Amino acid sequence: MDDLRYQVDLLTAMNQKISADESMYRALCEQSNRAFIYIQPQLNVVKTLGRWDEFFGFRPNELSDLRSLMSVIDDDYKEVAGRAFFPERDGKKESLIEIPIYNKKQWVEIHTSVSLNSDDTAAVKIIAFRDITKMHDYKEELTYMAYYDSLTGLYNRNYFITKLGDFITKAEKENAVVSVLLVDIDEFHKINDGMGILTGDEVVQNLGLFIKGFLGDNVIGSRFDGDFFALAIYEPIGNRSVDYIYDTLMEYLKKPMVLTDNNEVLLSVTCGVAEYPEASDNPLQLVNCAEIVLFKAKDTERGTLRFYDKSLMNEFINNVNIERKLKDAVRNMDFSLNFQPQYFADSKRLRGVETLIRWNSEGQFISPAVFIPIAEKNGSIVAIGDWVLEQAIKAHMEWKAKFDFDMILSINISAIQYRRQDFVSKVIGVLKKYEMPASELEIEITESVLIEDFNSVTAKMEELRDYGVKVSIDDFGTGYSSLSYLKKLPVDTLKIDKSFIDSLVDDESSKIITETIIYLSKKLGYEIVAEGVETNEQFEALKDMSCDLIQGYFLGKPMTYDAIEDLLLRLI
């Protein structure tokens with residue numbers, strides 16, 4: 001009897017321990033945020049643990065009930081899930097997959113672990129389910145960010161380059177053409193500055209939406225950044241040709257874009273095109289070629305479509321080389337000055353000289369018409385201009401000391417240099433440094449300076465003239481100024497552009513225009529310089545028109561410092 005009671009007590013204790021262990025395991029499973037199903041196939045034992053009810057609305061009690069699991073799995077993933085539930089069929093002891101359930105409303109990770117019998121059948125199987133919906137959504141978001149532009153939904157630059165590479169690889173095999181069309185909104189910064197960044201974003205979104213209308217199997221699109229879009233077109237023909245897309249885009253932009261706040265903006269775009277295999281067989285270089293074409297178009301003629309050609313690329317490469325050499329030249333100031341004489345038309349008496357900068361790089365003469373625009377773009381024109389100002393004034397005072405000859409020194413000033421706040425004080429500072437009479441200095445500025453800030457420009461002119469410096473408008477007649485408001489400008493001299501002088505003798509219209517400029521300008525009290533005078537016929541015609549001053553090869557080519565000394569020596 002005692003032995004039986006002992007056995008009963010032992011079994012009770014064992015049952016209590018098993019019950020306690022089961023409670024502990026269930027508690028652990030509940031805290032794991034997972035759902036588990038425990039299966040002993042040969043005994044038809046099926047148990048669920050953990051947060052089963054949070055995943056599924058049913059509880060399987062036997063093996064046949066497991067078919068209900070397949071009913072909640074998305075159709076596209078049923079076959080994958082079936083293999084994942086039975087890894088032993090493929091000779092494996094476990095599997096791990098991620099699949100959607102309930103029509104992709106929820107994503108779960110399914111981990112199956114199997115203990116095998118000696119005959120490789122499943123003895124015990126545990127299937128664990130973990131909710132990874134947030135993680136999956138986050139991964140999806142990261143994937144989207146890695147490939148797409150968040151503002152427009154188009155490809156981002158990096159993914160566009162990758163897909164363009166796929167196009168090129170395919171085109172190599174099929175002997176096809178791939179076009180890259182870049183689209184850039186003209187003066188987009190004015191929209192951002194004047195209407196706000198949010199308005200700018202809306203404009204970009206709207207244009208991006210329109211560009212999406214061209215996309216298909218053979219056309220991909222991207223927003224690189226800001227207001228910069230790209231299209232890659234495989235075999236550009238018909239309604240996916242560059243011309244068709246551009247014409248359609250131009251038609252769309254004819255009407256103002258209506259924004260959500262009822263504001264309207266009228267857009268203009270500039271486009272550049274480069275094609276495989278003509279321009280490059282490398283996707284990144286192909287885009288770079290299209291960018292070069294586009295930026296060249298923006299410099300010369302905005303609102304147009306421009307195609308790549310080799311001459312344009314050669315010009316770009318040449319400019320890049322010049323810019324590289326220019327940096328060294330500016331660092332060491334490897335420039336020289338020439339001086340072109342100006343003469344009074346009535347007497348051919350020397351009035352003065354215009355300062356001209358020269359640059360010989362490794363024995364090659366590089367025209368100021370080439371390197372000055374580059375210097376203006378990269379900002380080095382300020383250092384160059386300061387050097388010219390000081391060296392010219394220094395030379396002028398050396399001649400004055402040697403020959404005691406009064407003449408005018410004219411110096412061209414870049415618009416960028418002129419706009420600097422310290423420009424006037426810098427000019428006055430150099431005059432004082434070399435003790436040069438202000439009345440012997442003439443500052444030449446181009447008409448383009450006038451459109452930037454008329455009031456600021458004229459204020460500086462007045463400061464210079466108040467100090468005694470002469471002010472001249474260079475290349476008059478080709479820019480933005482007009483005789484109607486010349487009276488508002490505090491200037492002393494007008495230089496008639498060479499383009500009028502070239503056709504003065506043979507073209508009656510040029511003759512009339514030149515004669516009118518001279519007549520009205522003299523009436524307003526300005527001194528007139530005709531530049532680029534190369535023949536006696538031009539000289540006599542200008543003299544008959546009562547032009548004051550003549551500058552050009554006919555009376556004197558640009559001269560070195562020493563040549564000017566020889567000229568002055570002959571005059572004294």
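For the numbers below, each heavy atom of this structure counts, side chains included, while hydrogens, waters and symmetry mates do not. One is the number of the first residue; the rest follow in order along the sequence. What you see is a predicted model; the values in this text were computed from it and never measured.
- Across Val427, Val388, Val471, Ile445, a single residue satisfies side chain to side chain contact (heavy atoms under 4.5 Å, CB included) together with Ile413, and that is Ile445.
- Under a cutoff of 6.0 Å and an axis angle of 45°, Lys460 and Phe423 do not form a cation-pi pair.
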Checking side-chain hydrogen bond (donor to acceptor under 3.5 Å, both in side chains) for the pair Asp186/Thr270: CA distance, chi angles, key distance, verdict? CA-CA 7 Å; Asp186 297 328; Thr270 302; 2.6 Å; yes
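- Here the straight-line distance linking atom CD1 of Ile408 with atom OG of Ser439 works out to 6.5 Å at 0.5 Å rounding.
- For the pair Lys348 and Phe539, the cation-pi test (distance below 6.0 Å, angle within 45°) is passed.
- Side chains of Thr152 and Gln205: a donor-acceptor N/O pair is absent below 3.5 angstrom, by distance only.
- Using a cutoff of 4.0 Å between basic side-chain nitrogens and carboxylate oxygens, Glu440 and Lys400 are scored as salt-bridged.
- Heavy-atom contacts from other residues, nucleotides or ligands closer than 6.0 Å to CZ of Arg420 number 12 or fewer.
- Across all their heavy atoms, Pro236 and Ser179 have their closest contact at CG-OG, 3.2 Å.
- Of all heavy-atom pairs between Gly352 and Met407, the closest is CA-CB, 3.8 Å.
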side-chain contact (heavy atoms from CB on, under 4.5 Å) assessment of Gln391 paired with Phe335: CA-CA 11 Å; Gln391 294 302 310; Phe335 303 101; over 6 Å; no
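- Counting non-hydrogen atoms of other residues, nucleotides and ligands closer than 6.0 Å to CG of Asn175 gives a total of 12 or fewer.
- No donor-acceptor pair closer than 3.5 Å links the side chain of Glu442 to the backbone N or O of Ile411.
- Minimum heavy-atom separation, Gln551 to Pro341: CG-O, 3.8 Å.
- Salt bridge annotation for Glu462-Arg465: absent, with no cationic side-chain nitrogen under 4.0 angstrom from a carboxylate oxygen.
- A parallel orientation is assigned to the rings of Phe228 and Phe295, their planes being inclined by less than 30° (bins at 30° and 60°).
- Using a cut-off of 4.0 Å between Lys/Arg side-chain N and Asp/Glu carboxylate O, Glu527 and Lys522 are scored as not salt-bridged.
- Applying the 6.0 Å contact sphere to CG of Asp544 captures more than 12 heavy atoms from other residues, nucleotides or ligands.
- A salt bridge links Asp299 with Lys377: at least one charged nitrogen is closer than 4.0 Å to a carboxylate oxygen.
- Around atom CD1 of Ile197, no more than 12 heavy atoms belonging to other residues, nucleotides or ligands sit under 6.0 Å away.
- Checked for salt-bridge contact, Lys498 and Glu531 miss the test: no charged N lies under 4.0 Å from a carboxylate O.
- Nearest heavy-atom pair across Leu294 and Leu182 is CD1-O, 3.5 Å.
- You'll find the side chain of Val287 reaches within 4.5 Å of the side chain of Phe160, heavy atoms only.
- Annotation for Pro558 and Gln340: closest pair CD-NE2, 3.8 Å, computed over non-hydrogen atoms.
- Side-chain atoms of Glu301 do not come within 3.5 Å of backbone N or O of Ala297 as any donor-acceptor pair.
- Between the side chain of Ser280 and the backbone N or O of Tyr276, no donor-acceptor pair lies under 3.5 Å.
- Contact of the Val273 side chain with the Arg306 side chain is not registered, since no non-hydrogen atoms from C-beta on lie closer than 4.5 Å.
- Taking CD1 from Ile473 and CG from Asp497, the interatomic distance works out to 13.0 Å, rounded to the nearest 0.5 Å.
- Using bins of under 30°, 30° to 60° and over 60° for the plane-to-plane angle, the ring pair Phe371/Trp359 lands in the perpendicular bin.
- You'll find the side chain of Gln417 reaches within 4.5 Å of the side chain of Asp386, heavy atoms only.
- Residues Leu549 and Ile528 fail the side-chain proximity criterion, which asks for heavy atoms closer than 4.5 Å.
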side-chain contact (heavy atoms from CB on, under 4.5 Å), that's the test. Do Tyr343 and Arg349 meet it? Break it down for me. CA-CA 5 Å; Tyr343 294 92; Arg349 180 170 56 87; 5.9 Å; no
Could you check Ser503 against Ser510 for side-chain hydrogen bond (donor to acceptor under 3.5 Å, both in side chains), going step by step and ending with a plain yes or no? CA-CA 6 Å; Ser503 55; Ser510 293; 2.6 Å; yes
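- For Tyr561, the OH atom sits in a packed shell: over 12 heavy atoms of surrounding residues, nucleotides or ligands are nearer than 6.0 Å.
- With values rounded to the nearest 0.5 angstrom, Ile220 atom CD1 is found 15.5 Å from Phe214 atom CZ.
- Note that Lys170 lies in the cation-pi zone of Tyr234, set by a 6.0 Å cut-off to the ring centre and a 45° limit from the axis.
- Atom CG of Asp243 sits about 6.5 Å away from atom CG of Leu305, to the nearest 0.5 Å.
- Side-chain contact between Tyr526 and Thr493 is absent, with no heavy atoms from C-beta onward closer than 4.5 Å.
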Can you list the steps and then say if Leu337 with Thr560 is a side-chain contact (heavy atoms from CB on, under 4.5 Å)? CA-CA 7 Å; Leu337 296 181; Thr560 63; over 6 Å; no
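- Crowding of Lys325 atom NZ: a count of heavy atoms from other residues, nucleotides or ligands under 6.0 Å exceeding 12.
- Looking at heavy atoms from C-beta onward, Ile518 lies in side-chain contact with Leu542 at the 4.5 angstrom threshold.
- A distance of 4.5 Å separates OG of Ser414 from CD1 of Ile381, quoted to the nearest 0.5 Å.
- A salt bridge is defined here as a Lys NZ or Arg NE, NH1 or NH2 lying under 4.0 Å from an Asp or Glu carboxylate O, and Asp225 with Arg157 fails to meet this definition.
- With a 4.5 Å cut-off on side-chain heavy atoms, Val183 and Leu181 count as touching.
- Here the side chains of Tyr467 and Val424 are not in contact, with every heavy-atom distance at 4.5 Å or above.
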Show your reasoning for whether side-chain contact (heavy atoms from CB on, under 4.5 Å) applies to Leu326 and Asn378. CA-CA 10 Å; Leu326 185 60; Asn378 64 25; 4.2 Å; yes
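- With values rounded to the nearest 0.5 angstrom, Asp227 atom CG is found 9.0 Å from Leu207 atom CG.
- Using a 4.0 Å cut-off between charged nitrogen and carboxylate oxygen, Glu390 and Lys426 do not count as a salt-bridge pair.
- With respect to the salt-bridge test (charged N to carboxylate O, under 4.0 angstrom), the residues Arg223 and Asp149 qualify.
- Checking side-chain atoms of Tyr308 against main-chain N and O of Val293 turns up no donor-acceptor pair under 3.5 Å.
- Note on ring orientation: taking the six-membered ring where Trp is involved, the planes of Phe339 and Trp399 are perpendicular (angle over 60°, cut-offs 30° and 60°).
- For an aromatic pair to be called close, the ring centres must be under 6.0 Å apart, and Tyr155 with Tyr148 satisfies this.
- Residue Val178 comes nearest to Ala171 through the heavy atom pair CG2-CB, 3.8 Å, listed as atom of the first residue, atom of the second, then distance.
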